[in-house]
Amino acid sequence: SFQIHFRILNAFQQVIAAMETQLSNGPTCNNTSNGPSTISNNCSSPVESGSMEDSKTNLIVNYLPQNMTQEELKSLFGSIGEIESCKLVRDKITGQSLGYGFVNYVDPKDAEKAINTLNGLRLQTKTIKVSYARPSSASIRDANLYVSGLPKTMTQKELEQLFSQYGRIITSRILVDQVTGVSRGVGFIRFDRRIEAEEAIKGLNGQKPPGATEPITVKFANNPSQKTSQALLSQLYQSPNRRYPGPLAQQAQRFRLDNLLNMAYGVKSRFSPMAIDGVTSLAGINIPGHAGTGWCIFVYNLAPDADESILWQMFGPFGAVTNVKVIRDFNTNKCKGFGFVTMTNYDEAAMAIASLNGYRLGDRVLQVSFKTNKTHKA
DNA sequence: TATAATT
């Protein structure tokens with residue numbers, strides 16, 4: 001296990017080295033790659049205008065993939081240098097990642113190296129942004145504005161020009177139709193400080209931008225983590241338990257980081273569908289009928305008292321789990337010995353199967369496989 | 001007319 005870990009780390013170091021070479025001409029930045037429905041400037045020059053009092057070791061990392069864990073964040077940034085502390089910011093109630101975190105290095109040079117190396121790194125559908133964190137203070141919080149009623153022709157640059165008279169803009173974004181790419185007339189402006197945002201509301205709310213026929217609405221943006229109680233309950237029920245202890249979770253974590261890096265650099269995954277022995281033909285495998293269905297996994301030899309939580313705990317560490325079900329006897333309500341788990345991503349499902357098939361749960365040895373269409377095999 | 005940016 002140590003050898004496997006070392007091999008992955010070693011591979012990662014090589015990838016980082018290759019990436020540094022690649023980035024020596026300046027990091028590439030795809031402004032639309034942080035989600036198909038937005039235009040954003042989220043990777044604009046992170047190294048800028050730091051005052052002498054600002055920390056040179058503490059970084060804020062934005063636009064992290066939703067399913068990235070704190071441990072993966074630490075693994076990724078720990079490859080640059082020694083980390084003093086690392087924190088993934090989570091919703092206080094649901095524990096869900098809020099998509100950003102902090103990494104504090106011991107050595108300022110490592111922090112700088114992390115910015116140069118990892119800013120703009122693509123992980124899954126996200127392009128992460130790595131920049132110096134400013135000292136936390138009330139004056140920089142709640143500085144995000146929601147703007148609606150924008151002319152459909154207004155560009156992100158024009159939006160920034162309109163708002164820049166009120167202060168330093170950290171990010172701007174115009175939401176666009178996913179299919180046509182046409183502006184939906186709404187967007188966000190994040191200022192450096194709250195007072196700048198307040199002044200922009202006073203100056204621009206209800207005003208017509210140059211050349212526009214309709215006035216725009218400018219107000220403070222809702223906090224995305226503040227959802228309805230129903231949404232929170234739903235998330236609580238849906239969220240897999242990430243604290244399943246033991247070697248399985250560690251194996252899952254190594255795989256997940258490996259997988260993130262494979263996706264980031266376009267490296268062909270060792271776990272890609274074509275590489276899975278025995279199921280290459282896909283014969284007998286339940287192929288998702290439509291997008292979003294995911295991969296259905298059959299779990300056999302569960303104990304009579306097994307419940308859904310054990311499936312969340314076992315499969316959650318391997319990646320995105322969308323559904324679990326324990327099959328019960330109608331009369332006794334006891335588990336009939338099997339259940340199903342649906343996972344979004346093939347690679348994560350394949351790794352979960354490879355790791356959990358033959359796993360001893362209590363006094364039972366589990367059989368875990370992709371769900372087949374056959375009734376049963378002897 | 002709603003994105004996961006200050007622990």
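Note that the coordinates shown come from a computational prediction; the quantities given were computed from them, not determined experimentally. The chains referred to below are lettered A, B, ... by the order of the sequence lines, with proteins before strands, and numbering in each begins at 1.
- Each of dA4(B), dT7(B), dT3(B) was ranked by its minimum atom distance to the side chain of Lys87(A); first place goes to dT7(B).
- Here Tyr146(A) lies in heavy-atom contact (under 4.0 Å) with a base.
- Rounded to a whole Å, the NZ atom of Lys219(A) is 9 Å from the C1' atom of dA2(B).
- Per the geometry, CD1 belonging to Ile60(A) stands 9 Å off P belonging to dT7(B), to the nearest Å.
- Residue Arg173(A) places at least one side-chain N or O under 4.0 Å from the OP1 or OP2 atom of dA4(B).
- Whole-Å rounding puts the Asn67(A) CG to dA4(B) C1' distance at 14 Å.
- Atom CD in Gln178(A) sits roughly 12 Å away from atom P in dA2(B) (whole-Å rounding).
- Ring centroid separation for the pair Tyr146(A) and Phe188(A) comes in under the 6.0 Å cut-off.
- Between Arg184(A) and the phosphate of dA2(B), there is a side-chain N or O to OP1/OP2 separation shorter than 4.0 Å.
- The base of dT7(B) sits with one of its N or O atoms less than 3.5 Å from a complementary donor or acceptor on the side chain of Asn58(A).
- Relative to the side chain of Phe188(A), the nucleotides dT3(B), dT6(B), dA5(B) differ in distance, and dT3(B) lies closest.
- One atom, CD1 of Ile169(A), and another, P of dA5(B), lie 16 Å apart when rounded to the nearest Å.
- For Arg328(A), the salt bridge (charged side-chain N to carboxylate O under 4.0 Å, His left out) partners two or more places apart in sequence, or in a different chain, are Glu308(A).
- Here dA2(B) is the nucleotide among dA2(B), dA5(B), dT7(B) with the atom lying nearest to any side-chain atom of Leu175(A).
- Judged as a salt bridge (charged side-chain N to carboxylate O under 4.0 Å, His left out), and not counting sequence neighbours, Glu158(A) has no contacts.
- Considering only the side chain of Val186(A), dT1(B) comes nearest among dT3(B), dT1(B), dA5(B).
- Comparing dT7(B), dA5(B), dA4(B) against the side chain of Ser131(A) picks out dA5(B) as the nearest.
- Nearest nucleotide to the Ala221(A) side chain, out of dA5(B), dT3(B), dT6(B): dT3(B).
- Remark: Ser136(A) is in phosphate contact with dT7(B), judged by side-chain N or O atoms under 4.0 Å from OP1 or OP2.
- With a 6.0 Å radius and a threshold of 12 heavy atoms from other residues, nucleotides or ligands, Arg364(A) has its CZ atom above the threshold.
- Residues Arg194(A) and Glu198(A) are paired through a salt bridge, judged by an N-O separation under 4.0 Å between the basic side chain and the carboxylate.
- Side-chain proximity of Asn62(A) to the nucleotides dA4(B), dA5(B), dT6(B) is greatest for dA5(B).
- Residue side chain Gln66(A) reaches the base of dA4(B) through a donor-acceptor N/O pair under 3.5 Å, judged by distance alone.
- Considering only side-chain N and O atoms, Arg90(A) lies nowhere under 4.0 angstrom from the phosphate OP1 or OP2 of dA4(B).
- Rounded to whole angstrom, the span from the CG atom of Asp142(A) across to the P atom of dA2(B) amounts to 20 Å.
- Here the P atom of nucleotide dT3(B) and the CD1 atom of Ile128(A) are 22 Å apart, to the nearest Å.
- Comparing dA5(B), dA4(B), dA2(B) by their nearest atom to the side chain of Tyr100(A) picks out dA5(B).
- Each of Arg141(A) and Ser97(A) has a nearest nucleotide on DNA chain B; the 5'-most of these lies closest to Ser97(A).
- Lys109(A) has no carboxylate O lying under 4.0 Å from a charged side-chain N of Glu112(A), or vice versa, which leaves the two without a salt bridge.
- Distance Phe220(A) CZ to dT3(B) P: 19 Å, rounded to the nearest Å.
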